[in-house]
Amino acid sequence: MRIGVFVCHCGSNIAGTVDCPGVAEAAKMLPGVVFASDTMYACSEPGQEGITEAIREHDLDGVIVASCSPRMHEPTFRKAVERAGLNRYMLEMANIREHVSWIGKDVELNTNKSVELIAMAAAKLSQNSPLTPSRFDVNKRVLVIGGGVAGIQAALDCADGGLDVILVERETSIGGKMAKLDKTFPTIDCSSCILGPKMVDVALHPNITLYTACEVDKVDGYVGNFSVKIRRKATYVDWDKCTGCGACMEKCPSKKSLDSFNEQVGTTTAINIPFPQAIPKKAAIDAEFCTKLTKGKCGVCAKICPTDAINYEQEETFLTEDVGAIIAATGYDLFDHTVYGQYGAGRYPDVITSMQYERLLNASGPTGGHIKRPSDGKEPKRVVFVQCVGSRDPSVGRPYCSGFCCMYTAKQAILTRDHLPDSQAYVFYMDIRAPGKLYDEFTRRAQEQYGVQYLRGRVSQIYQLGDTIVVRGADTLAGDQVEIEADLVVLAVGAEASRGAPELAEKLRISYDSYGFFMEKHMKLGPVETNTAGVYLAGSCQGPKDIPASVAQGSATAAKVLGLFSKDQLESDPQVASVKQPRCIGCMKCVRTCPYGAINEIEDRFKNPKADVIATICQGCGLCTSTCPQGAIQLSHFTDNQILAEVNALCPPFMDESFE
Amino acid sequence: MSAVHGRELRIIGFLCNWCSYGGADTAGVSRFEQPTDLRIVRVPCSGRIDPLFIVRSFLNGADGVLVSGCHPGDCHYSEGNFYARRRLELLKRFLPISGIEPDRFKYTWVSASEGAKWQETVTNFTTHIHSLGPAPTVLNASTPEDWAKVAQNAANGAGCGCGCHKERA
Amino acid sequence: MSLDQLKRLIKAVLPDLDMVIGWKQGHDGLTATPLFIRSEDDVEKLQIGPLAVHNLATFLPGLKDKKVGVVVKGCDSRAAVQLLQEKLIDRANVTIFGFGCDGVVSHAKLRKQFDAMGRADSMVRDGDTVTIEHDDESTALPFNEICPDKCLTCEFPNAVVHDHFAGERIERTPVASENPALAEFEKLPISERLDFWQNQMGRCIRCHACRNACPMCVCRDHCLATSRDPNWIGQETSPRENLMFQMTHTMHLAGRCVECGECERACPMDIPVFLLRKKMADEVKELFDYNAGVNPDAKPPLMTFETDERNIKE
Amino acid sequence: MARKYIAETDITAWLKELSGDNLIIAPVVETGTVVYRPYTSGSEVELVNRPVSSPKEAVFPQTELLFTYKQDKTPEDPGRTKVDMKEATPDRATVFFGPRPCGTRGITMFDKVYNCGKQQDTYYVTRRENTAFVTIACTRPDATCFCHSVNSGPADPDGSDVLLVPVQGGYVAEAITDKGTELLAYDLFSDAGKREQEANAVIDKAREMLGDPHDFTDAESSLYKLFDDMEFWDEQAAKCINCGACTYLCPTCHCFNITDQTAGLSGRRIRTWDNCMSYEFTLEGSGHNPRPTKAHRLKNRLGHKFAYYPENNEGLVACCGCGRCIERCPSGVDIRAIVLAAKERSDVQE
């Protein structure tokens, strides 16, 4: 092998504590090395020129660049050697900056270490072989999971970009949490007025196929070629016939059904359309409460329905959609405050969640937008808001800040004073977190313009006293205990991962954190990508977010997908595992450990079981290689022999002094 | 490749690319000074590390081996380090029987952001290896003299403590 | 008497099988050898007892596509279970004949206790003593001193899996709580252990009998030890490379070793290689609370993980 | 030539004398097992129990260093591909002490392969010339012994330079070769006198213990007849686990493998024992293997010893009857039984 070594000074970054010319000189004596030189900036234009020239002049078939971390410039130098006609995998790097010059000042030791790192690289390089990526076609359809504002935005942007979009929502209508909100901060404009039109656009968009009351059941395949099995739940209403007239709702006798859209503030009918602006506007039966389905009698809705859409026999069905990319926008759920015994554990009717309060404030809510407290329907005079319920509290496993509670609490306090001018609003808070555009101004308006009373401290106890609720807490600024007799207490419950998030993550083969929020590829530089190619994240499924952030991410994922689909074919990274069939004994241990299901059991022509890697699914982790007892499955570019070569370069298997 | 005589010992590191190798980079970028002994082998994932790489290193004369990967749960490949953790822990418990001091082997979890932790890890480990000194070499006998050495050891009865193989009286 | 019943059981199913693997008299009074029963007459040669040392499950993976019956001791049966668990043999093709085993002999130990090896005419066991007839005289030895350590700690005298069971199940409590050889060995300071292995490995001739006798060594013709790509182990026989092989074998047995001790029994150079396997098995037990070859449906500990490992503290 | 006598108590002294200008390899007990090791003063030689390993390692070590090499390059001309080589010459005068006649006789089979007219293997020949064998006659054959079935016996001098016969209190020593005569040229030796009869009696007793020999005549033709009878070989090989214990313990097995090992700029070429029972032995580059199963390989081992080798060497069977392969086989494969079975089978076929 003819190896060329290029030792980078990186200005004084390396040369400051490493004798670069000395390293180059010593490198010449390494096995396989036929050329070595040192250069001021290997990554600079002249630096790269030097490399490409040397490759041609000395007809090198392998290159070692001793410079910064490969995590920094490997792509750069791979392109460089490729320009000179070498395969990009015939490049190795020796990290003599981050791992040498920057962590020690002893020139002798650093220089020696640099030479050894180059020796390792040379040893590995001598085992390298050219690798070429394979290409495969992309199915330019995208699946969006979750019909909240983030999913809606992603779906619309993709669709406007000309892509076929499949939007899956597990509820009967899209809209998500935002559809439940009354107003939005910091502008106090009507939530449904700004979301509504987008929901309609989704319904009308020719490129969008909308599946509500559906869930993702199984995901197979890989970037560019996913195959998604979708489960359509039984709604007992034939939606092709249902016109959404609502006649069934008027006549349905079981009116005590759970009204989850209204957060159980009041009840609804067993057959219902969750809210007037629902998209699609279709009725569905809640099997738990329908007397026909539970007891077999009634059937009023079937009689009343003008289009015979009711079908009590309906069962769940499955359908499959093939897509090339997936956007997860499954949002969040609300923290269950009943774990707080000191807050009444949900026993007191007039201690409600912030989302329930939204429904009370909402003109299309159960109270028609009049604030009436649940217990006796009286208008509350004193409303106490308690923040950080299930946020920033390690004791309930929620050490993180939900981010938006400060803002919506301020909003709700303002709205309270709007609706009931003679009322008083109190807010117990830890810190006010308002780092958005016009956010801090907004919270200040609540205090200064609307006279909302902010008390800095945690609430220690809430209990019923006659028909009032006593809120006891600390005012750490005043430095004393306060007790407020309230008519209504609103708990600013924090956000937590959407129910079923971990299960979905496993279907998508993406990772999730200890709270169940999906993990992005890189906290800073890959916030909407995941470690699984072709799967993207939008909105609160990745962590609590407010509306603008969720919308922005919706658009960001759309941009990512459009970028991905801008090519007709994708290149698969050739650093994947492959099976040496003659060595494989078919024990399938690799199949069992592969995190990606990238290995299949096949039969060779003698009908012997053999493992077989699907290159496009393999992510190149090498778990299989270290699992295979006979070394039959090898991860390209990190084979046993390549790693052993590095080990042997550092610890030679034998010393032969006979020539010394 | 001989370490600079007397001043360094032979310490090999196997680091996963996504977390620990990045952590080592971060330590460098932050100019966190460390002992120079360590030589890092970069692998995609701690799950790629066959415990036998570590055994091979020791038998080839390494004085210490340091393995580091993503924190369990943060694996770039979602599961690799969970398998690695089991393999490495088992190896650590097993090494003593082979006569390799378990302290010469350490595995740990360092994320790409934990430059300081990396510095601390490397410093402590290297210092500890130096306190243990060079590892005993395993004979790679090829000459009669080597075999004479083996015979001598055996004759001196170094070793056989194991009851069922005590020599016939 | 279980041998007769065993013969009857085998005769009964033999017509449906390609062969049944058992033991028969070996080349002298102290050895038995595997017997491949293909006919009624072969059945008569069948023999069990303290000389039936071989773990016949070792042959099963090689006969995957045949209908095979196999006679197993308790420890052997664990190998069958492990092979089933790893789907290396097909349950439908294997018929397992179990019997209660009261321990076997260790030829390595015999060689050290008994001078007339190779000249013995017969051996009879009577409770705790074995009596060997040789050179027109007879020598009596205490069984516990000439049986392998695995028998002293045996918790599975009866086959853990079987289609047919001959004779009474044997109820016995282990003579020793921990493997005496291992316990003895671990008294050595670590510094001396390497010397120990260098000496032992100095004797190794790399014949790979330990590997080929091992029922869990299913790579057979494709073992790492003799491959060059990947090239893990040097060709030269030296204490170092020989030890590298032993370490490789042991690592590959982690969570799979059924502690049958065939590796050590097979070793022509009497190297106590089982020490390594046993230690590994013990660590696996302690770490993952797992016994290989007991439950065919269990998940081998290195083929799975827990996000929070109970016994691993970091 | 007249036989001599040496007292048991003088053996150590003799070894001391010999170790003056020789490397001495002698049997020692290593953690309970008898093996050959370089003799160093103070090590206790074991002359009663036969070593497990065979004496072939004297002339055919399991690992033989052939030569070392080093790439000779300079910073001025890093591309230069000049290589310096240094051949290893195993020319150390050696006395190989204490094998049994069967083992020593096994060595003579090597001569016909590595030291015959057309074929001279330097390393083997050098070692052979520099090695003297002091053999001890066999006094207590085991059930696995069958030297008498392969035209040999407990006191066969073939291959030995000195033959010792254990008698009361010492050994009757006979120089078989001139080399042997020199080895006895020490005044530790006296005339054997009437101990000769005692020695003869010892040998006769041993021969008697061996009982009747097996009849291996026509084994050669039988094995050729059965060459394609895989059913027979599958049956015979059924219990074989295909390890290499038999071949590596065998005093006559002489196959090897060659490996280059490189470390940095220097490297070495070594020759190591190979074994025909292993799959790789005949594995071809294409992946094709003419001996795919253990049956094929067992057939080859038997065939080589009792048919192919004899065919090339005036009927000399390449088996010395030491029985190591039987005694130490993990599965109790018995080469004698297979040869006899082969004869029986081929007779039936006629």
Side-chain angles (χ1 to χ4, degrees), chain A residues 1-5 21-38 54 57-62 64 115-116 118-120 122-123 126-127 580-585 604-606 608 630 632 641 644-660, chain D residues 61-92 123 241-243 257-272 278-294 296:
Chain A
M1 181 160 212
R2 298 180 59 81
I3 298 173
V5 177
V23 171
E25 206 55 15
K28 288 179 182 165
M29 291 304 286
L30 293 171
V33 175
V34 298
F35 173 82
S37 75
D38 55 316
E57 188 179 330
H58 302 275
D59 125 68
L60 307 172
D61 50 19
I64 295 171
V115 177
E116 290 192 14
I118 293 170
M120 282 169 70
S126 64
Q127 299 287 325
K580 284 204 217 71
Q581 269 216 7
R583 288 195 66 75
C584 174
I585 60 148
D604 68 4
R605 61 196 163 97
F606 308 109
N608 299 316
Q630 69 273 27
N641 278 0
L644 285 168
E646 293 181 272
V647 171
N648 290 336
L650 288 171
C651 305
F654 60 91
M655 285 289 177
D656 179 26
E657 275 85 21
S658 59
F659 289 90
E660 265 46 290
Chain D
Q62 183 156 17
T63 303
E64 174 97 74
L65 178 67
L66 302 184
F67 60 78
T68 54
Y69 55 87
K70 181 165 192 171
Q71 193 187 341
D72 172 24
K73 65 190 230 166
T74 64
E76 294 65 45
D77 181 8
R80 182 164 73 182
T81 50
K82 187 165 165 292
V83 174
D84 295 337
M85 267 181 49
K86 194 178 282 179
E87 195 172 0
T89 39
D91 50 11
R92 181 97 169 266
Y123 300 92
I241 59 170
N242 235 247
C243 67
N257 195 358
I258 285 186
T259 313
D260 283 0
Q261 299 176 320
T262 305
L265 289 177
S266 59
R268 61 186 186 185
R269 174 168 296 176
I270 57 169
R271 171 163 88 181
T272 50
S278 83
Y279 176 81
E280 290 90 345
F281 189 79
T282 47
L283 180 59
E284 296 170 6
S286 65
H288 169 68
N289 194 333
R291 292 183 206 147
T293 73
K294 60 181 182 180
H296 292 89

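Here is how names work: the chains are called A, B, and so on, in the same order as the sequence lines, proteins then strands, and each is numbered from 1. It should be emphasised that the depicted structure is a prediction, and the values quoted were computed from it without experimental measurement.
- A:G32 and D:K73 get closest at one heavy-atom pair: N-NZ, 4.2 Å.
- Of the inter-residue distances, the one linking D:Q71 atom CD with A:L30 atom CG reads 10.5 Å to the nearest 0.5 angstrom.
- Neither the backbone nor the side chain of D:T81 comes within less than 4.5 Å of any heavy atom in chain A.
- Between A:P653 and D:A263, the closest heavy-atom pair is CD-CB, 4.4 Å.
- Between D:P78 and the choices A:E25, A:K28, A:R2, the side chain to side chain contact (heavy atoms under 4.5 Å, CB included) rule is met once, by A:K28.
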